[in-house]
Amino acid sequence: MTYLDELKDVIERLHHAHARYVETVPVKEVFEGETIWEGEVEVFDLDDHPDASRIFAWAYDYEDTEKPTQHVTVLQIPPATTPENAVRAAIVSEFKNDDPIH
């Protein structure tokens, strides 16, 4: 299974809507001069989702641990209206849960 197929599968299982890949957007989030997140955000359109017609997704592995790959999905709902804002929303969410995003 390819990376995009894996993300599509996760999106469809979590959000119960058909997902169609749209594009890959590179994102670099810098805070106080330091890069706190850098990677690619995959953009998918959603069919028949009650709250959003688009979703942003990516995956990461924890370094130096045996934890499984973590998948992040963020519906395109304000304030998460762009890939960059989706990353920011995920960072804030992870920070509030004391589980830093990588």
With E40 as reference, evaluate V27, T24, V25 under the side-chain contact (heavy atoms from CB on, under 4.5 Å) test and give the passing residue.
T24
Take W37 and K28 through the test side chain to side chain contact (heavy atoms under 4.5 Å, CB included) and record every step on the way to the result.
CA-CA 6 Å; W37 193 90; K28 182 175 182 179; over 6 Å; no
Which residues, ordered by chain and number, are linked to M1 in its hydrophobic cluster, where ILVMFWY side chains connect at heavy-atom gaps below 4.5 Å, directly or through other members?
none
Tell me, please, which residues at least two apart from L4 pass side chain to side chain contact (heavy atoms under 4.5 Å, CB included).
T2, Y21, E42, F44
Restricting to non-hydrogen atoms, name the atom on W58 and the atom on Y3 that form the minimum distance, rounded to 0.1 Å.
CA-OH, 3.5 Å
Using a 4.5 Å cut-off on heavy atoms from C-beta on, say whether the side chain of L46 contacts that of Q76.
no
What verdict does the side chain to side chain contact (heavy atoms under 4.5 Å, CB included) test give for I36 and I91, after you've listed the backbone C-alpha separation in whole Å, the side-chain angles of each residue and the deciding distance to 0.1 Å?
CA-CA 9 Å; I36 57 171; I91 290 169; 4.0 Å; yes
Under a 4.5 Å cut-off applied to non-hydrogen side-chain atoms, are R54 and V22 in contact?
yes
Is there a path of hydrophobic side-chain contacts, each under 4.5 Å between heavy atoms of I/L/V/M/F/W/Y residues, joining V87 to F31?
yes
Any chance you could measure D51, atom CG, to I77, atom CD1, to the nearest 0.5 Å?
5.0 Å
Smallest heavy-atom separation, A80 atom then A86 atom, equals CB-CA, 4.0 Å
Hydrophobic cluster mates of L14, side-chain heavy atoms under 4.5 angstrom, ILVMFWY only, any path?
V10
Residues two or more places apart in sequence or in another chain: which of them pass side chain to side chain contact (heavy atoms under 4.5 Å, CB included) with H16?
none
Please name all residues satisfying side-chain hydrogen bond (donor to acceptor under 3.5 Å, both in side chains) with H15, sequence neighbours left out, ordered by chain then number.
T73
For E34, I'd like to know if atom CD has over 12 heavy atoms of other residues, nucleotides or ligands within 6.0 Å.
no
Exactly one of V72, I11, V43 should register a side-chain contact (heavy atoms from CB on, under 4.5 Å) with F56. Which one does?
V43
Those residues at least two apart in sequence (or on a different chain) that pass side chain to side chain contact (heavy atoms under 4.5 Å, CB included) with D47 are H18, R20
Nearest 0.5 Å, what's the CG-CD distance between L7 and E12?
11.0 Å
Contacts of N85 meeting side chain to side chain contact (heavy atoms under 4.5 Å, CB included) (sequence neighbours excluded), chain-then-number -> T81, T82, R88
Which residues satisfy the salt bridge (Lys or Arg N to Asp or Glu O under 4.0 Å) test with E6, sequence neighbours excluded?
none
Residue pairs, two or more places apart or on separate chains, that pass salt bridge (charged side-chain N to carboxylate O under 4.0 Å, His left out) and touch residues 70-84
none
